[in-house]
Protein chains: 2
Amino acid sequence: MEYKEYIEKFFNQGHKHYLSHISIDCVVFGFHENELKVLLLNMKNLNSWVLPGGFILKDEEMETAVKRILTERTGLTDIFLHQFQTFGGLSRSSFTVPELFFKNLQIKKDSWMFDRFISVGYYALVEYSKVKPIPDILSEKCEWFNVHDLPELAHDHRHIFDEAWQSLRFWINHYPIGYNLLPEKFTMPDLQKLYETILDRKLDRRNFQRKMLATGILNRLNEVKPGVAHKAPYLYTFNIAAYEKTLKTGFGFAL
Amino acid sequence: MEYKEYIEKFFNQGHKHYLSHISIDCVVFGFHENELKVLLLNMKNLNSWVLPGGFILKDEEMETAVKRILTERTGLTDIFLHQFQTFGGLSRSSFTVPELFFKNLQIKKDSWMFDRFISVGYYALVEYSKVKPIPDILSEKCEWFNVHDLPELAHDHRHIFDEAWQSLRFWINHYPIGYNLLPEKFTMPDLQKLYETILDRKLDRRNFQRKMLATGILNRLNEVKPGVAHKAPYLYTFNIAAYEKTLKTGFGFAL
DNA sequence: AATCATTGCGTATATTTAACACAATGAAAA
DNA sequence: TTTTCATTGTGTTAAATATACGCAATGATT
């Protein structure tokens with residue numbers, strides 16, 4: 001029974017490989033059908049969900065750990081990451097499970113996994129269609145949820161999510177977004193809907209277009225979106241050089 | 001020899017009371033004689049300096065730990081705190097000391113203090129004149145330094161300081177500042193110099209005054225600054241209610 | 001009484017934001 | 001074929017905000 005062995009080793013020996021008392025929690029945002037989505041996991045036999053997370057190997061950079069964790073959950077490499085806050089509440093434990101989870105498992109009462117954890121929060125922006133959600137060893141499902149219709153989250157994960165979203169809202173007023181979140185080619189309405197969804201408010205179509213074009217981060221292609229029953233919008237790609245540059249300097253306006 | 005015992009216990013037993021692998025580093029800003037200052041410590045017999053820091057007790061909220069640490073270093077309670085980033089580099093150890101530090105000390109080679117640390121960075125804003133800098137048990141001096149003339153800092157503390165200052169610069173464009181940093185009564189030029197020092201650039205005197213007054217966070221007193229050889233500026237206090245409110249909502253302009 | 005650095009308030013101009021008008025497009029309907 | 005219609009691309013205008021100065025008032029110092 002390989003699973004049993006793995007779990008027992010993780011609980012009983014994990015502190016030898018991972019930094020104890022420190023966990024990573026990730027809020028993975030995707031955009032699909034004009035909705036902002038978040039990736040959640042749920043435990044076997046437990047009806048509350050949790051954010052994808054994990055631990056830092058003793059010889060691993062923290063950010064490398066986050067990328068490793070997210071690659072395991074999504075299949076993607078090269079994910080946009082942003083550390084937004086670290087959570088140090090007193091009653092934080094890395095997870096909860098129903099008692100029956102431990103049935104047939106030989107796990108020490110003083111396992112590092114039952115200790116208090118300080119958790120470093122990252123949010124990630126990914127291209128929805130490229131993600132293959134993969135549950136981790138402790139969970140059963142890994143699914144997307146609309147940010148407006150989240151299930152009950154365990155621990156303080158609802159709070160972590162709220163802080164992540166707020167941080168993201170703040171971020172997009174100062175830095176470009178969309179690369180990593182939209183397909184390679186997209187239209188101006190697509191981009192606008194992304195902004196509207198994250199900011200959770202309507203924007204003026206015409207002013208939005210003018211501002212975005214003024215930033216210089218967009219390339220307008222000599223193509224329009226096919227198969228629309230009205231005037232077809234141009235397709236755009238991001239001007240990567242300008243995009244990367246603006247990621248560092250920020251742009252001066254707010255939407 | 002009480003000191004010897006204390007140090008040995010801290011190194012050899014500390015992991016029983018503190019969360020291992022996690023440290024706190026604080027960038028304490030003060031303002032004095034129109035200069036932005038930072039509080040630094042230095043080790044006995046070591047000529048590089050470090051930021052004030054410490055560890056989290058197992059039954060203590062993280063933010064409580066930060067306040068405890070800062071109260072120990074400054075004598076102040078009720079300090080403005082802002083968590084700005086968490087540092088997870090691979091080669092982070094909580095401290096370095098010269099070999100001779102361990103002379104006559106019985107310290108285990110595998111002490112928790114030699115492990116790798118993830119450090120949560122906070123900056124603090126304090127009223128310079130009220131601070132009584134107090135070295136910690138491992139250090140000899142605790143002194144203020146002009147941010148433009150810092151000594152060599154150990155580990156990645158220079159990087160941590162840079163990030164803190166940048167975060168503070170960003171912050172003051174959106175939220176009020178000055179309370180906790182200026183004396184109770186201050187003049188408009190005082191406040192402006194504070195902003196100029198943090199932002200590291202000149203601001204127009206007249207526009208600054210107009211904007212600050214428009215925020216409503218200032219009370220103009222029926223007093224002027226005494227003992228000046230020219231037109232005496234009004235004294236102000238902060239309107240605490242409005243200040244607190246704006247701390248939550250932010251104000252809409254940038255300087 | 002004159003000097004002078006500095007303050008408080010005002011104004012003129014440029015820049016940015018917000019709100020809206022209108023022709024162009026092209027598939028779908030008539 | 002022609003008309004309809006939702007939607008796009010661009011332009012225009014008014015309001016709000018930011019920036020750059022002008023100038024009289026102040027009050028210790030000369």
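What you see is a predicted model, and the numbers here were worked out from it, not measured in a lab.
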*Got a sec? Which of residues 218-227 of chain B come in under 4.0 Å of DNA chain C, heavy atoms?*
B/Arg220
*Would you indicate, yes or no, if C/dC9 has its OP1 or OP2 atom less than 4.0 angstrom from a side-chain nitrogen or oxygen of B/Gln209?*
yes
Using whole Å, report how far [atom1] of [X] lies from [atom2] of [N].
{"X": "B/Met212", "N": "D/dA18", "atom1": "CE", "atom2": "C1'", "value": "16 Å"}
{"X": "A/Leu213", "N": "D/dT8", "atom1": "CG", "atom2": "C1'", "value": "12 Å"}
{"X": "A/Leu191", "N": "D/dT7", "atom1": "CG", "atom2": "P", "value": "18 Å"}
{"X": "A/Tyr236", "N": "D/dT8", "atom1": "OH", "atom2": "P", "value": "11 Å"}
{"X": "B/Asn173", "N": "D/dA18", "atom1": "CG", "atom2": "P", "value": "11 Å"}
{"X": "B/Arg205", "N": "D/dC23", "atom1": "CZ", "atom2": "C1'", "value": "11 Å"}
{"X": "A/Asp190", "N": "D/dT7", "atom1": "CG", "atom2": "C1'", "value": "14 Å"}
{"X": "B/Leu203", "N": "D/dA20", "atom1": "CG", "atom2": "P", "value": "11 Å"}

Euclidean distance, [Y] [atom2] relative to [X] [atom1], rounded to 0.5 Å:
{"X": "B/Thr215", "Y": "B/Arg210", "atom1": "OG1", "atom2": "CZ", "value": "13.5 Å"}
{"X": "B/Leu76", "Y": "B/Asn180", "atom1": "CG", "atom2": "CG", "value": "9.0 Å"}
{"X": "A/Tyr128", "Y": "A/His32", "atom1": "OH", "atom2": "NE2", "value": "4.5 Å"}

_Counting distance alone, no hydrogens or angles: does the base of C/dT6 have a donor or acceptor under 3.5 Å from a partner atom on the side chain of B/Lys231?_
no
*At their closest point, which heavy atom of B/Ile198 faces which heavy atom of B/Arg169, and how far apart are they?*
O-CG, 3.1 Å
What do you reckon, are the aromatic ring centroids of [X] and [Y] less than 6.0 Å apart?
{"X": "B/Phe170", "Y": "A/Phe170", "result": "yes"}
{"X": "A/Trp49", "Y": "A/Phe145", "result": "yes"}
{"X": "B/Phe186", "Y": "B/Phe238", "result": "yes"}

_Sole candidate of B/His148, B/His159, B/His82 that passes ring-ring contact (aromatic ring centres under 6.0 Å, His included) when paired with B/Trp165_ = B/His148
_Heavy-atom nearest nucleotide on DNA chain D for A/Ala229 versus A/Met188: which residue maps closer to 5'?_
A/Ala229
*Pair B/Glu244 + B/Lys248, salt bridge at N-O below 4.0 Å*: no
*When you check every protein heavy atom under 4.0 Å of nucleotides 11-19 of chain C, what one-letter string (B, S, -) results, 5' to 3'?*
B-----SBB
